[in-house]
Q: 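Sending over a structure as structure tokens; questions will come in a sec.
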Protein chains: 2
Amino acid sequence: MEDTAVRLEKIIAKLREQSFRITPQRMAILKILLNSSDHPSVEEVYRQVKVDFPTTSLATIYKTVHLLKELGEILEIRLAADRNRYDGKRPYPHPHLICTECSNIIDPEVGFIEQITSEIEDSSGYQVLSHQLEFFGICPNCQKR
Amino acid sequence: MEDTAVRLEKIIAKLREQSFRITPQRMAILKILLNSSDHPSVEEVYRQVKVDFPTTSLATIYKTVHLLKELGEILEIRLAADRNRYDGKRPYPHPHLICTECSNIIDPEVGFIEQITSEIEDSSGYQVLSHQLEFFGICPNCQKR
DNA sequence: ATACATGCAAAACATTTGCATAAGA
DNA sequence: TCTTATGCAAATGTTTTGCATGTAT
């Protein structure tokens, strides 16, 4: 895995290249997303940004998240019964394991996805571009209760 | 696969058992869901129900769909950027292949899911109860354009 | 007869959008 | 300076809810 600080620099360079402006709000949102492995929601990012920039608006979070999604720098995770969550660490499709009790999300190691994808392409004629694989269950912590 | 008429009877019996009432609206909604393999949206079910029962309300569709979901008789599919769709044919988790151009959904044959599930349970300690696997791509028809 | 379902309208909720103002470049 | 981003409020779209009325049992 790439160092977060290095990745931050690269993204900033990419933003500059495409003449997007580097604002304090964008920097704050970016840093939070790059450093969170708990797949935060927009609301959660908002909460964290407001600590340092209390006047920031929710709309700005939404707009920035949208921009970063377009640039391929974050991945959007749509849950079955919850608000959207975002992953700035691994902005490419990968499986998630979601606790239905406490909403905790982890990234399990999973093989087979490539095989499944080409299997599907062969049998359906579809050109598969991405996928979304979510497992729902009870995490070890919640099983104890 | 089970005959639709037989399954309809079974579901009606189940509803009666749990003292839910058999109304014309519920019958209509049930029949539509059991006979659709194109994963209709609530709006689409609404459109079809209104042909025979023009005074039916959207709220009733939502309430009935919710009930059938609770009873485990239909599966809810949440798309990445669209409205919810429902599958009354196969009301258990299974993969979907979704065209990002025309929103067509088909059910590809896929192996490995059981292996993946137990692999994940072993490595994470989670008790996996269900999953959601969606592949996104371009269907053969849309590739031609 | 009596509880439950329906249909309407309003509410709820996350997300998006328009626009005047602020601020990077 | 000039264009883009921000922040506010209003709009949007889907889904849910409350309640009076209708209806299955």
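Letters A, B, ... mirror the listed sequences (proteins, then strands); counts begin at 1. None of these values were measured; they are calculated from a predicted model.
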Q: Look at the aromatic rings of B:F135 and A:H131 and report parallel, tilted or perpendicular, splitting at 30° and 60°.
A: tilted
Q: Check each of A:E73, A:E70, A:E9 against A:K14 using the salt bridge (charged side-chain N to carboxylate O under 4.0 Å, His left out) test, and report the only one that passes.
A: A:E73
Q: Whether the side chain of B:K63 and the base of D:dG18 hold a donor-acceptor pair under 3.5 Å is what I'd like checked.
A: yes
Q: Side-chain N or O of B:Q25 less than 4.0 angstrom from OP1 or OP2 on D:dT23?
A: no
Q: Could you tell me how far apart B:I12 (CD1) and D:dA24 (P) are, to the nearest whole angstrom?
A: 14 Å
Q: Kindly determine whether B:T64 and B:L33 satisfy side chain to side chain contact (heavy atoms under 4.5 Å, CB included), including the steps that lead there.
A: CA-CA 11 Å; B:T64 302; B:L33 285 170; over 6 Å; no
Q: Would you tell me if any nitrogen or oxygen in the side chain of A:Y62 comes within less than 4.0 Å of OP1 or OP2 on C:dT15?
A: yes
Q: Which sits closer to the 5' end of DNA chain D, A:T56 or A:S19, going by the nucleotide each is nearest to?
A: A:S19
Q: From B:I32 CD1 over to B:R47 CZ, what is the distance, rounded to the nearest 0.5 angstrom?
A: 9.5 Å
Q: Once each nucleotide of nucleotides 20-25 of chain C is scored for protein heavy atoms under 4.0 Å, what B/S/- sequence comes out, 5' to 3'?
A: ---BBS
Q: Give a yes/no on whether any side-chain N or O of B:T55 is located under 4.0 angstrom from OP1 or OP2 of C:dG7.
A: yes
Q: Of B:T60, B:I74, B:V45, which meets side-chain contact (heavy atoms from CB on, under 4.5 Å) against B:V65?
A: B:I74
Q: Backbone N or O of B:F53 within a donor-acceptor pair of the B:T56 side chain at under 3.5 Å?
A: yes
